[in-house]
Amino acid sequence: MTGLVGVVGAYGEVGAEATRALWAAGVRLRIGGRSLQAAETFAHEHLGPEVDCTAVDFTDDTSSATFVAGCAVVVNSAGPSHAIGNRLADAAWRAGADYVDAAGDDRLHALLDPARYQRASRVAVLSAGLQPGLTSLFPQAVATRFDQVDELTVQVGLIDRFTSVAADDYLQAAADGVSTPRAAWRSGQRAEGALVRRIGLRLPYVGQVTALPQLSTESERLARAIGLRNGEWYVLLAGTRTLDVFDRVPMLDRTEAVEALCRASRLDLGHRPTRIVIAVTAEGPRSGVTTGETVVLRGASTAELSGAVLTYATLAVLRGEVEPGRHYAAETLDPVAVVDALTKAEGPAVLSELTAFEFAEEGAL
């Protein structure tokens with residue numbers, strides 16, 4: 001493929017997954033992070049001598065400008081997203097490059113002017129990761145099986161460790177009001193306080209969990225886009241320690257909260273392998289008959305699935321498949337094509353279908 005792609009945070013967990021996949025796809029790469037040595041070591045161990053390794057510090061505009069110079073696309077997998085803000089997106093803009101971000105949800109979306117991207121026939125794709133990103137793309141792919149989806153339940157099982165970057169971004173999203181606990185979608189609009197936590201559930205695709213109802217701005221955009229009547233979204237946790245930290249967050253400063261989330265998630269995971277599960281139950285008419293089904297997507301880790309979505313978005317931009325403008329990944333990528341790419345042979349995800357399931361509820365809070 002033509003055009004140099006610069007990946008910031010290339011040797012981090014998500015960046016490493018995307019960088020290896022882009023290299024395997026034949027993309028010409030420049031990789032970097034704050035440590036040049038770490039970038040060079042990663043390139044030596046996983047890529048090849050043709051890769052350009054360059055140190056980059058997103059807090060330094062000169063460093064960012066040097067890194068993005070000559071790039072056709074700049075990919076950001078570093079974080080925390082709220083700390084980066086629009087620094088890297090603006091550096092890419094000044095260099096004449098398109099931009100793809102694994103995170104950058106509502107906050108960055110509001111900072112970038114869509115009109116200037118359209119006028120210049122340029123592209124910015126945001127939220128091209130697991131959540132936000134795949135957590136909207138996958139339900140959209142399931143929705144294409146129906147004439148209309150009237151009822152939708154999305155459950156996201158995060159049986160994984162929090163990294164400090166992910167924990168910081170999660171807390172910032174909560175502070176920004178990106179997600180509303182216990183809210184649902186009812187009769188075509190947000191209904192706050194409509195749901196309760198479900199504790200001690202046994203689900204056939206994830207085991208025993210606690211289900212936390214959360215309605216995010218991403219979920220609301222999805223509900224409006226598909227004309228949904230009623231919808232529920234849950235985060236599934238395998239242990240109780242992470243839940244306890246969520247409840248204590250208002251009493252902790254940001255550093256303490258990040259450390260507590262990382263520690264609690266490690267303890268909850270224990271010696272079990274990491275895994276991610278997205279289960280979508282949809283109901284609506286199909287060929288004039290109302291029907292329902294549950295489709296489950298499984299992956300090994302947050303980093304692997306986020307990296308796969310980030311890779312797909314980057315390749316789509318390189319191929320000219322994304323219309324000019326500033327977009328959320330879930331609103332511009334083809335959801336069926338993304339799921340097909342992730343679940344193909346040797347892909348990072350597995351798709352399965354259940355005829356029916358129900359909550360096995362042992363308690364509620």
Side-chain angles (χ1 to χ4, degrees), residues 8-17 32-39 55-61 63-64 76-91 101-111 126-127 129-133 135 156 158-182 197 210 212 214 216-218 235-270 272 274 276 301-303 306-307 310:
V8 181
Y11 50 81
E13 290 194 358
V14 173
E17 296 286 348
R34 293 192 177 187
S35 170
L36 177 59
Q37 181 178 358
V56 56
D57 180 353
F58 67 77
T59 66
D60 184 321
D61 290 343
S63 173
S64 297
N76 178 42
S77 60
S81 179
H82 70 89
I84 296 175
N86 58 341
R87 285 176 177 269
L88 287 174
D90 283 354
D101 200 316
D105 198 17
D106 297 30
R107 178 183 284 247
L108 180 56
H109 191 267
L111 290 172
L126 313 179
S127 301
L130 169 62
Q131 186 179 37
T135 45
V156 182
L158 303 174
I159 318 303
D160 203 347
R161 302 174 185 87
F162 264 115
T163 65
S164 59
V165 168
D168 200 348
D169 274 334
Y170 179 90
L171 294 169
Q172 187 62 48
D176 289 345
V178 171
S179 182
T180 304
R182 306 191 183 192
R197 294 174 177 176
T210 293
L212 304 181
Q214 294 184 350
S216 68
T217 51
E218 178 190 57
V235 174
L236 307 179
L237 301 177
T240 60
R241 295 177 181 87
T242 303
L243 176 61
D244 290 341
V245 174
F246 286 163
D247 288 339
R248 292 192 293 114
V249 161
M251 298 176 286
L252 304 173
D253 66 29
R254 178 60 63 86
T255 299
E256 289 176 322
V258 167
E259 292 175 352
L261 277 177
C262 292
R263 182 170 57 253
S265 66
R266 290 195 301 269
L267 291 171
D268 278 342
L269 182 64
R272 292 171 296 180
T274 62
I276 302 298
S301 71
T302 301
S306 291
L310 185 60

I need the minimum non-hydrogen distance between [X] and [Y], along with the two atoms involved.
X	Y	result
Ala39	Gly32	CB-CA, 4.3 Å
Val245	Ala264	CG2-CB, 3.7 Å
Leu171	Ala257	CD1-CB, 3.6 Å
Ser164	Val258	O-CG1, 3.7 Å
Ser64	Leu88	OG-CD2, 3.9 Å

Can you tell me how far apart [atom1] ([X]) and [atom2] ([Y]) are? Round to the nearest 0.5 Å.
X	Y	atom1	atom2	value
Thr242	Arg263	OG1	CZ	11.0 Å
Arg161	Leu261	CZ	CG	15.0 Å
Glu218	Gln131	CD	CD	7.0 Å
Asp106	Leu111	CG	CG	11.0 Å
Asp169	Arg107	CG	CZ	9.5 Å
Leu212	Arg197	CG	CZ	5.5 Å

> Parallel, tilted or perpendicular: which fits the ring planes of Phe246 and Phe162, with parallel below 30° and perpendicular above 60°?
Replying inline: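 It falls in the perpendicular class, over 60°.
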Looking at residues at least two apart in the chain, or sitting in another chain, which of them share a side chain to side chain donor-acceptor pair (under 3.5 Å) with [X]?
X	value
Gln172	Asp176, Arg254
Ser81	none
Asn76	Asp101

Between the side chain of [X] and the main-chain N/O of [Y], is any donor-acceptor distance below 3.5 Å?
X	Y	result
Asp253	Glu256	yes
Arg272	Leu269	yes
Ser216	Val178	no
Ser77	Val8	yes
Asp168	Pro80	no
Ser179	Gln214	no

>> Among Leu243, Asp268, Ile159, exactly one meets side chain to side chain contact (heavy atoms under 4.5 Å, CB included) together with Leu237. Which residue is that?
In response: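 Only one option passes, and that is Leu243.
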> With Phe58, which residues qualify under ring-ring contact (aromatic ring centres under 6.0 Å, His included), at least two apart?
Replying inline: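 ring-ring contact (aromatic ring centres under 6.0 Å, His included) list for Phe58, sorted by chain: empty.
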>> List the residues meeting ring-ring contact (aromatic ring centres under 6.0 Å, His included) with His82, not counting sequence neighbours, and say none if there are none.
In response: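 Expected list: none.
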> Leu158 versus Ile276: any side-chain heavy-atom pair under 4.5 Å?
Replying inline: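 Yes, side chains in contact.
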>> Is any side-chain heavy atom of Ser35 closer than 4.5 Å to one of Tyr11?
In response: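 Result yes, sub-4.5 Å side-chain heavy-atom pair found.
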> Arg248: what forms a salt bridge (charged side-chain N to carboxylate O under 4.0 Å, His left out) with it, not counting sequence neighbours?
Replying inline: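 Not a single residue meets the salt bridge (charged side-chain N to carboxylate O under 4.0 Å, His left out) criterion with Arg248.
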>> Walk me through whether Asp105 and Leu126 qualify under side-chain contact (heavy atoms from CB on, under 4.5 Å).
In response: CA-CA 7 Å; Asp105 198 17; Leu126 313 179; over 6 Å; no
> Would Thr255 and Glu259 count as a side-chain contact (heavy atoms from CB on, under 4.5 Å) if you check the C-alpha gap in whole Å, the side-chain angles of each, and the deciding distance to 0.1 Å?
Replying inline: CA-CA 6 Å; Thr255 299; Glu259 292 175 352; 3.7 Å; yes
>> Is it the case that the side chains of Glu13 and Thr163 hold a donor-acceptor pair, with the cut-off being a distance below 3.5 Å and no angle test?
In response: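 No, no side-chain donor-acceptor contact under 3.5 Å.
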